[in-house]
Amino acid sequence: GKADATKASAGGGGQAKPPSTLRIGYIGANKLNVPGGSEGWGFYKGLSQDELKKYGITDIQFIGFPNGPDLSEAIIGGRLDIGSLGDTPAILAKSTGAPTKVIHQNASGSNALILAKKGGPTTLADLKGKKVSVKKGSYMHRYLAGLLKKNNIKDVQLIHLLDDDADAALVRGEVDAIATTEIRALKMIPQGFPVLDEAAKNNPDLVGTGVTVVSESYLRKFPDIAKVWNELRVKALDDLKKQEEAYYAFLAENTGNPLDLVKKTSPVSQLPRETFTDAGIQMLEGTKSFLLEEKLADKNFSVSDWLIKP
Amino acid sequence: MGVPLLEIKRLDKSFETKNGTVRALSGIDLNVKEGEFLTVIGPSGCGKSTLLKIVAGLDTDYAGEVRLGGEKVAGPGIDKGFIFQEPRLFPWLTVEKNIAADLSLKRPEVRREVDRLIELVRLKGFEKSYPRELSGGMAQRVSIARALLRYPKILLLDEPFGALDAFTRAHMQEVLLDIWQNNRTTMVFVTHDIDEAVFLANRVVILKPRPGEIRDIVPIDLTFPRKKSSVAFQELRYKVLSAFEKLDELELIESAGI
Amino acid sequence: MGVPLLEIKRLDKSFETKNGTVRALSGIDLNVKEGEFLTVIGPSGCGKSTLLKIVAGLDTDYAGEVRLGGEKVAGPGIDKGFIFQEPRLFPWLTVEKNIAADLSLKRPEVRREVDRLIELVRLKGFEKSYPRELSGGMAQRVSIARALLRYPKILLLDEPFGALDAFTRAHMQEVLLDIWQNNRTTMVFVTHDIDEAVFLANRVVILKPRPGEIRDIVPIDLTFPRKKSSVAFQELRYKVLSAFEKLDELELIESAGI
Amino acid sequence: MRDPLSAAASQATAGVRPRQKAKRKRKLESLALGALLPVLLLAVWQLLGDAGLISRLLFPTPLTIAESLVRLTENGDLFEHLRISVVRAALGFVLGGGAGLAFGLLVGFSRSSERVLDPSVQMIRMVPHLAIAPLFILWFGFGEPSKVLLIAKGAFFPLYINTYLGIRGTDKKLFEVARVLGFSKPKQVVRLVLPSAAANILLGVRLSLGLSWLGLVVAELMGASSGIGYLMSEARQFSKTPVVFVCIILFAVIGKAADSLVLLLEKRLLVWRDSYSGK
Amino acid sequence: MAQQANLASRPAAGRPESRSWTGVLRTSLRKEKWADLAIGSILPVLVLLGWQLAGDYGLISTFFLPTPRAIAESFGRLAASGELAEHLGVSLGRAAAGFALGGGLGLLCGIVTGTMRRAEHLLDPSFQLLRMIPHLAVAPLFILWFGFGELSKVLIIAKGAFFPLYVHTFLGIRSVDKKLVEVTEVLRFSRSRQIWRLIVPSALPNILLGLRLSLAVSWLGLVVAELIGSQSGIGFLINFARQSSATDIIFVGVILFAVVGKLVDSFVRQLERRLLGWRDSFDG
Ligand SMILES: Nc1ncnc2c1ncn2[C@@H]1O[C@H](COP(=O)(O)OP(=O)(O)OP(=O)(O)O)[C@@H](O)[C@H]1O
Ligand SMILES: Nc1ncnc2c1ncn2[C@@H]1O[C@H](COP(=O)(O)OP(=O)(O)OP(=O)(O)O)[C@@H](O)[C@H]1O
Ligand SMILES: O=[N+]([O-])[O-]
Ligand SMILES: [Mg+2]
Ligand SMILES: [Mg+2]
């Protein structure tokens, strides 16, 4: 992959000119039609656009997806150049042969929690023989399954439910617990649902990470994209650190979530400066082996080959 | 013949249409005694079918009074048999099921009676045919059999023999007279055939059109069986004819030989 | 009268139904000359409508030969006018539009002709009425006007006057004879009325039923205008009657006075 | 004149056999014609895939899909998924379609219930399935009841509206006949309205059946662990595209088979019709 | 021919009388319409009332089912900001385009397969197969083929709108009375005249029914069509609200779906009433 890319740029004789259009996918139905994080901020403020213009990229399109597999499919189909999604769906797609490379990992991205129903289980061990709902194929799935394995809790029945369906099932008491995102959990906790576990607090190795992937075909057209992208990102990060309140307000408006919850769940302090960290790569490896072990992913692949390290 | 079974008083009926009001009937006064055979003639569109439908209770939107057996007609019912101008068969039912209609052919008395009527209207062999497989006259005979099956107190017939050839028609006239005489069914019979009107009736009602009014009522005091060639018959026939239309039309009668 | 316009040779027709085969027509041999007025009578269900439909080209599933103007009849066409036994009006079109059918009333010659025909069939004032607002006879007159509008070379009429009262019927007979004499239209006219058959025809074809076969053809060599009361007319009428049915039925004729 | 059939029947049997043969031939012809497009599509698809003109990752070729189908059938899982889905769809159809039929009859028959009920029914018709799934779970849980109910909601409307309008299409002339013959209300329904509305009701059945079947996709999104709809969404979540296609094709083929079954029924029930059959 | 004069003359008083009569008819009709509206609202109003009370007394979880008042407040907020009108406009545009395309094709294909048996044998089985392919499964494929723009959204809606109109047009045509077909044959209607003067009017009740179902499918199809790569529309509004569990906004969307859908449906029924005035059929 990487060799290909260099060959392409060498063959082009100097600077290959990327297409004027760049298509970026993200997960969510965001009002401002940009992703969150420093990447989103850069585009929100117009900083990144200015930079990309230098490379002749004048038309930047954003596309929101309801979930990871849809985004992966769009990349495979050549409809997207770059996409940010959860590590679990990205690995699953890669294991089926998706032509992607990772250009950035947000290692401390996604916290998840296990909430129990009222009057239900009070400890993780109580989950034995119970029903727990989760959106299968998501990072919560990986977290829950990893957690159960780690604690050697058997006979747990995993129920596939979409997020708001899961909340309803919990309220009704139809499931004994749910594995859910932090922000959704924060809305449920005040209603009296006890927390059985929190990934970031108790099992930092199981939090979801987010990856930004680029399609191999785009990489051939613009071999420097990884470098350029990360430069943009760092620049945006520096900018947003100067105005944290404005950043939170942006996130709240973009996602429709209340400001206080946004501050809690997406603190600026967690936005990484590095392109990759060892801990992050460790987590990717862990997730991959887990998915293979569980037979959720078909084929093995090399994580280090997958990443475009600076 | 008994008390008046059917009383019609100052009956007025108009239809409201997009193009204005069509006055179909106006000031109809008529009594029909129990067991009487009344025939109704009149030009096309003069309101004969409308009158019959009102008596049947199918149309209750009129001015005036219509009483049957002393009571206001509220709606249709099996005591009032009706033979429509068109056959109106249920296309999804075979001949025998059309005749039985809502009665079950599994009941032996229904089965027997339906078979008898099919023979009477000369449709043996077509019991299991669907309406689309019948000729016009055959369909009309099915609809006659259907009405006869119920032995109503009063039978309202709207040109029932219009699609029948002369011989089948004569046969059906005999059948009808038989039923009338055996069951004392009161008959109100609309026809276009003046001979038929005189041949069957105790009285012939002649309507004139636009609005439909009674022009004349001619009593036919001939005994049964009647002979159409008899002088008395021909005289009455002429009387009905002259009542039917004004004199200048009678010239047409002469020449056309109606 | 010219060459044979319509030639029918050894025509056989049966219907396959769930209950077996119904033989509707068998061994029909018939020639109709150009400009001839042919009437067809026969008992209900004997195959008259079936015969007409085959001539019209509506039914091509038969054995034998049917040629019109020397050519095999391949399908229906405006050179062959057809008046169906039932009115068959388009329920969504007004009277005038039903008559115009596929012709546009915006064309002045169509408009004029439609108006003339509406007057002729006595429906003035009902141009804008829908079929459901018409009486049985009125609907039938609309369908007659529709067929007349096209001035076909041959006109096939299936009991066109069945739902008309005696006077309207006499009027329509006059109208038809006028058209026939002015345009030399060839007519094949099915009727149940023996008087009518004799009154209009050059020849009367008498069918017998099951299977439909030609029992007899009676030439009517009376000049027009004809008088129904004339002795010559009555004689021909009797001839047709006796050809129509066997002798024992003739007794019925006597008594019923058909 | 009294013996129309028997004499004629024997003579005609000779003509029956060739007629039947012709009929069978026509049937085969139409079948072949109908298979033409799907077969062509599959062939082109396979060729394009083999030639590398379409992404085999996104559009696994028919052969790959077939292999995947074989693999799925080998352990018998697929049949179990299918069985469960068919039962769900059938229950939902019976419940929703049955209610649609009943309400359609009620509203079709009575002006007053039409005025009270129809506006609300029409509004509920316009409520999106996906948006209210959480409410279904809240009220009915995510067990069988809510799945069946969600399917039933979809199945309700086509049958409702076709029954209702089928009844309103009944010829008034025949209604007059029924009244004159003194049909009781139930007899009016059974002997007049249902046969007359039969064509529309059967169409409603076809559409409802289709929606019940397709409704599985959304219904089995709600906490299912079995069923073909579940199999499909799970395969999507895990990017197992051949399995997704196996499911899509199963949806299409089984749905079409059920549809054809109703068509067959229709042909039998509507033999009495005398209507246009195309050129 | 005095009879003819008779036939022609209408009662002299006919005209003015009839005018006043139609006037009466019209006002009574209008009255009836208001009465219909009132009666039709009884159920919804009762439901709303019960819902509000149940919410106020804590009988239902307002987290999942906000009270009508809360929904109305959200509605007011969104409407005041002009957001709602914009989403609605965009969605109406998409639904209309998708409906026009899919419904139009459905009508056309229905006419083709309905009137030509060979075309039926060739196309109908494939159409029926396609009908049984789940919406949610093809939406991603459409995006692969046609991109994220309006085109794929419109096409997703069109796919849904196609089938009801197709199936109903086909059925309507195959229900045309053969007797009337014979009339057009005898009068030698051209093929196009036969279609427009006989087959379409006669199939119209069914076509209009198909129209209503197609419109509904187009409208509801927005939820799926606006799932991927959307920034506006009622479907997006609902998806956005789902992302942040804003149930009050979800309900604003759901209610908009119901109300607008019902309005469009009522419009078609009005059309139905006008176009099918000639019918002589049972009216309850
Ligand atoms: N439903 C209706 N709406 C409007 N006008 C109608 C309706 N029914 C009948 N009419 C009109 O009422 C008049 C009388 O019609 P009716 O059917 O009673 O005539 P009829 O005497 O039976 O004629 P025919 O002998 O031709 O059957 C006609 O002018 C007809 O146009
Ligand atoms: N479509 C059909 N399928 C089966 N049998 C039919 C069909 N059409 C007509 N028949 C049969 O063919 C025979 C002749 O019918 P046809 O309509 O020609 O009679 P007709 O002479 O016109 O009678 P009528 O004077 O009663 O109109 C009848 O026995 C009828 O049952
Ligand atoms: O992006 N995820 O679906 O986790
Ligand atoms: Mg009448
Ligand atoms: Mg006939």
Side-chain angles (χ1 to χ4, degrees), chain D residues 29-30 33-38 58 108-111 114-120 122-128 130-132 134-135 138 158 161-162 165 167-173 175 199-200 203 206-207 210 213-214 217-218 232 244 248 251-253 255-256 259 274-279, chain E residues 36 39-44 61 64-65 114-118 120-126 128-137 144 164 167-168 171 173-179 181 199 205-206 209 212-213 216 219-220 223 238 250 253-254 257-259 261-262 265 280-284:
Chain D
E29 243 176 55
S30 78
L33 216 53
L36 191 65
L37 283 182
L58 293 175
F109 260 111
S110 117
R111 279 278 298 145
E114 176 193 10
R115 292 162 77 187
V116 175
L117 292 175
D118 186 59
S120 301
Q122 295 303 339
M123 278 221 235
I124 297 171
R125 180 157 79 95
M126 297 294 181
V127 169
L130 269 174
I132 56 159
L135 283 182
L138 190 67
I161 208 165
N162 268 290
L165 289 177
I167 291 174
R168 294 303 171 90
T170 307
D171 192 349
K172 216 187 226 160
K173 290 199 171 80
F175 247 102
N200 267 102
L203 183 61
R206 289 177 58 199
L207 290 173
W213 185 232
L214 294 181
V217 178
V218 175
M232 186 168 84
V244 174
I248 290 180
F251 265 112
V253 170
K256 165 85 174 100
D259 194 62
D274 189 24
S275 52
Y276 182 59
S277 54
K279 260 222 151 83
Chain E
D36 269 359
I39 293 172
S41 321
I42 292 177
L43 263 178
S61 152
F64 288 96
L65 201 55
T115 52
M116 291 188 278
R117 255 201 310 266
R118 301 218 114 221
E120 177 203 350
H121 292 154
L122 180 70
L123 297 173
D124 188 67
S126 296
Q128 299 306 337
L129 275 173
L130 289 178
R131 180 159 75 88
M132 295 296 177
I133 290 181
H135 234 57
L136 272 173
L144 285 180
V167 179
H168 276 93
L171 173 84
I173 289 176
R174 292 306 172 87
S175 303
V176 176
D177 192 349
K178 215 190 237 155
K179 289 197 170 75
V181 177
I199 288 177
N206 269 306
L209 182 53
R212 289 176 61 193
L213 289 171
W219 188 232
L220 290 175
V223 182
I238 288 182
I250 294 181
V254 168
F257 263 108
V259 170
K262 166 81 178 112
D265 193 67
D280 190 25
S281 53
F282 178 61
D283 51 12

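As a basis for the values below, the full set of heavy atoms in this structure was taken, side chains included, without hydrogen atoms, waters or symmetry mates. Chain A is the first sequence line, chain B the second, and so forth, proteins listed ahead of strands; every chain is numbered from 1.
Nearest heavy-atom pair across D265(E) and M126(D) is CB-CE, 4.3 Å. Residue Y276(D) comes nearest to G114(E) through the heavy atom pair CE2-O, 3.9 Å, listed as atom of the first residue, atom of the second, then distance. Between G210(D) and R131(E) the shortest heavy-atom distance is CA-NH1, 4.4 Å. Nearest approach of A252(D) to I133(E), heavy atoms of both residues: CB-CG1, 3.9 Å. Taking each heavy atom of P125(E) and G34(D) in turn, the nearest pair found is CG-CA, 3.6 Å. Here the shortest heavy-atom pairing between S120(D) and G40(E) reads OG-O, 4.1 Å.
R115(D) CZ to I42(E) CD1: the interatomic distance, rounded to the nearest 0.5 Å, is 9.5 Å. Put simply, CG on L171(E) and CZ on R206(D) are 8.5 Å apart, with the number rounded to the nearest 0.5 Å.
Interface remark: M232(D) contributes side-chain atoms only to the contact with chain E (heavy atom separation under 4.5 Å). For a residue to count as touching a neighbouring chain, one of its non-hydrogen atoms must lie under 4.5 Å from one of that chain's; by this rule P205(E) does not touch chain D. Contacts between L136(E) and chain D at a heavy-atom distance below 4.5 Å involve the side chain alone, from C-beta outward. Only the side chain of V181(E) comes within contact range of chain D, with at least one heavy atom under 4.5 Å from a heavy atom of that chain. With a 4.5 Å cut-off on non-hydrogen atoms, I199(E) touches chain D through its side chain but not through its backbone. Looking at H135(E), there are no atoms closer than 4.5 Å to chain D (heavy atoms on both sides), in backbone or side chain. Interface residue F175(D): only side-chain heavy atoms are found under 4.5 Å from chain E. With a threshold of 4.5 angstrom between heavy atoms, I250(E) approaches chain D through side-chain atoms but not through N, CA, C or O. Using a 4.5 Å cut-off between heavy atoms, I238(E) contacts chain D through its side chain alone, with no backbone atom that close. Proximity to chain D (any heavy atom under 4.5 Å) is shown, for D124(E), by neither the backbone nor the side chain. Contacts between D171(D) and chain E at a heavy-atom distance below 4.5 Å involve backbone atoms as well as side-chain atoms. With a threshold of 4.5 angstrom between heavy atoms, L220(E) approaches chain D through side-chain atoms but not through N, CA, C or O. Contact of V223(E) with chain D is made through the side chain alone, with heavy-atom distances under 4.5 Å. Both the backbone and the side chain of L207(D) come within contact range of chain E, with heavy atoms under 4.5 Å apart.
In terms of heavy-atom pairs under 4.5 Å with chain D, the best-connected choice from P44(E), A137(E), S175(E) is S175(E). Contacts with chain E were tallied for P158(D), A199(D), G255(D); G255(D) has the most, counting heavy-atom pairs under 4.5 Å. Put simply, of L138(D), I161(D), I167(D), the one with the most heavy-atom pairs under 4.5 Å next to chain E is I161(D). Between chain E and the options N200(D), D118(D), V244(D), L58(D), the largest number of non-hydrogen pairs under 4.5 Å is found for N200(D). Between chain D and the options K179(E), M132(E), R118(E), heavy-atom pairs under 4.5 Å are most frequent for M132(E). Ranked by heavy-atom pairs under 4.5 Å with chain E, the first of L135(D), L36(D), L117(D) is L135(D). Between chain E and the residues L214(D), V127(D), L37(D), I248(D), the most heavy-atom pairs under 4.5 angstrom are made by L214(D). Interface summary for chain D: among Q128(E), M116(E), R174(E), R212(E), the most heavy-atom pairs under 4.5 angstrom belong to R174(E).
For R117(E), the salt bridge (Lys or Arg N to Asp or Glu O under 4.0 Å) criterion is met by no residue, not counting sequence neighbours.
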